[in-house]
A.B. asks: 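Below you'll find the structure I mean.
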Amino acid sequence: QVQLVESGGGLVQAGGSLTLSCAASERTFRDHPMGWFRQAPGKEREFVAVIRKSGSVYYADYADSVKGRFTISGDNALNTVRLQMNSLKPEDTAVYYCAAQKTYSCSGPGCFQAVRRYDYWGQGTQVTVSS
């Protein structure tokens, strides 16, 4: 069983930046796809970003709403991941969740972006962007 621990949420003014971090409880949990999702009040949980690796090559994908503003990164084994959020907007306000896949079975963007494909979840951290 893997636990994910998140940190870095907070209150920031529009245009500001925050960086979220996520650490897996087991160092042996390595090279698994790691994603960030968010859920705004009254909304369905939605995909934000994912980082994965194939061999030694890393890939990152983003929701259209955050492209150019958010950057996902991790250590070599993706045991820890970060989400750097720049140019924040009020519509970015949500609870942000770190998530990890148990397997390596995803093979397309839809798969990596699907909530149902993730097996481990952090507790969530609140990000509030004021205007």
Side-chain angles (χ1 to χ4, degrees):
Q1 186 70 13
V2 175
Q3 287 78 47
L4 304 177
V5 180
E6 300 156 324
S7 62
L11 174 64
V12 65
Q13 293 189 23
S17 299
L18 285 173
T19 299
L20 308 181
S21 297
C22 173
S25 61
E26 299 292 336
R27 194 175 184 273
T28 55
F29 189 78
R30 304 171 68 88
D31 300 333
H32 295 251
M34 301 285 288
W36 288 96
F37 294 77
R38 67 187 183 187
Q39 189 165 20
K43 302 295 184 181
E44 184 176 320
R45 189 169 300 186
E46 66 177 3
F47 167 78
V48 176
V50 62
I51 186 166
R52 57 187 172 88
K53 65 187 300 186
S54 179
S56 61
V57 180
Y58 293 78
Y59 301 89
D61 295 295
Y62 302 90
D64 288 343
S65 59
V66 306
K67 284 181 180 177
R69 300 188 297 121
F70 291 10
T71 302
I72 189 169
S73 62
D75 66 358
N76 290 342
L78 303 184
N79 186 250
T80 61
V81 293
R82 299 169 65 245
L83 184 69
Q84 183 175 312
M85 305 183 293
N86 299 324
S87 302
L88 283 161
K89 306 173 181 179
E91 49 263 49
D92 294 317
T93 295
V95 177
Y96 283 70
Y97 298 89
C98 175
Q101 293 187 355
K102 182 179 180 179
T103 69
Y104 305 92
S105 61
C106 272
S107 60
C111 182
F112 287 109
Q113 296 169 13
V115 169
R116 295 169 185 82
R117 287 288 188 162
Y118 289 79
D119 304 285
Y120 307 111
W121 292 85
Q123 79 284 358
T125 185
Q126 178 70 46
V127 172
T128 302
V129 184
S130 65
S131 60

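Given the structure is predicted, the values throughout are model-derived calculations rather than measurements. Values below: every heavy atom of this structure, side chains too, minus hydrogens, waters and symmetry copies.
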A.B. asks: Keeping to residues at least two apart or across chains, list the ring-ring contact (aromatic ring centres under 6.0 Å, His included) pairs with something in residues 53-105.
C.D. replies: His32-Tyr104
A.B. asks: Ignoring hydrogens and angles, tell me if any N or O in the side chain of Asn79 forms a donor-acceptor pair with the backbone of Glu26 under 3.5 Å.
C.D. replies: yes
A.B. asks: Once rounded to the nearest 0.5 Å, what's the spacing between atom SG of Cys106 and atom CD of Gln113?
C.D. replies: 10.0 Å
A.B. asks: Using 0.5 Å steps for rounding, measure from the CG atom of Leu88 to the OG atom of Ser131.
C.D. replies: 12.5 Å
A.B. asks: Could you tell me if Gln126 and Thr128 have a donor-acceptor pair between their side chains, going purely by distance under 3.5 Å?
C.D. replies: yes
A.B. asks: Going only through I, L, V, M, F, W and Y residues with side-chain contacts under 4.5 Å, is there a path from Ile72 to Phe112?
C.D. replies: no
A.B. asks: Is it true that a side-chain atom of Arg45 and a backbone atom of Gln39 form a donor plus acceptor pair closer than 3.5 Å?
C.D. replies: no
A.B. asks: Would you give me the side-chain donor-acceptor pairs under 3.5 Å for residues 4-17, sequence neighbours excluded?
C.D. replies:
{"from": "Glu6", "atom 1": "OE1", "to": "Gln123", "atom 2": "N", "distance (Å)": "3.2"}
{"from": "Glu6", "atom 1": "OE1", "to": "Gly124", "atom 2": "N", "distance (Å)": "2.4"}
{"from": "Glu6", "atom 1": "OE2", "to": "Cys98", "atom 2": "N", "distance (Å)": "2.1"}
{"from": "Ser17", "atom 1": "OG", "to": "Asn86", "atom 2": "OD1", "distance (Å)": "2.9"}

A.B. asks: Quick test of your reading of the model: are Lys67 and Asp64 salt-bridged, counting only N-O distances below 4.0 Å?
C.D. replies: yes
A.B. asks: Report yes if some heavy atom in the side chain of Arg69 is under 4.5 Å from a heavy atom in the side chain of Lys89; otherwise report no.
C.D. replies: yes
A.B. asks: Kindly indicate whether the side chain of Arg117, heavy atoms from C-beta on, has any atom under 4.5 Å from the side chain of Ser105.
C.D. replies: yes
A.B. asks: If you look only at pairs with a residue in residues 38-57, which of them pass as a ring-ring contact (aromatic ring centres under 6.0 Å, His included), with sequence neighbours excluded?
C.D. replies: Phe37-Phe47
A.B. asks: So how far is it from Asp75 CG to Met34 CE, rounded to the nearest 0.5 Å?
C.D. replies: 9.0 Å
A.B. asks: Considering non-hydrogen atoms only, spot the tightest contact between Phe29 and Ala100 and give its length.
C.D. replies: CE2-CB, 3.7 Å
A.B. asks: Return yes if some donor-acceptor pair links the side-chain N/O of Ser25 with the main-chain N/O of Gln3 below 3.5 Å, else return no.
C.D. replies: yes
A.B. asks: Does Leu78 belong to the same Ile/Leu/Val/Met/Phe/Trp/Tyr cluster as Tyr120, with side-chain heavy atoms less than 4.5 Å apart forming each link?
C.D. replies: yes
A.B. asks: Using the rule that two of Ile, Leu, Val, Met, Phe, Trp, Tyr join whenever any of their side-chain heavy atoms come within less than 4.5 Å, decide whether Val81 and Val127 are in one cluster.
C.D. replies: yes
A.B. asks: Run the side chain to side chain contact (heavy atoms under 4.5 Å, CB included) check on Leu20 and Gln84 step by step: do they pass?
C.D. replies: CA-CA 6 Å; Leu20 308 181; Gln84 183 175 312; over 6 Å; no
A.B. asks: Does Trp36 have Arg82 sitting over its ring (NZ/CZ under 6.0 Å from centre, angle to axis within 45°)?
C.D. replies: no
A.B. asks: Return yes if some donor-acceptor pair links the side-chain N/O of Asp119 with the main-chain N/O of Lys102 below 3.5 Å, else return no.
C.D. replies: yes
A.B. asks: How long is the gap from CD1 on Ile51 to CG on Leu83, to the nearest 0.5 Å?
C.D. replies: 10.5 Å
A.B. asks: Going by an N to O cut-off under 4.0 Å, is there a salt bridge joining Asp92 and Arg38?
C.D. replies: yes
A.B. asks: If you measure from SG on Cys22 to CH2 on Trp121, what distance do you get to the nearest 0.5 Å?
C.D. replies: 11.0 Å
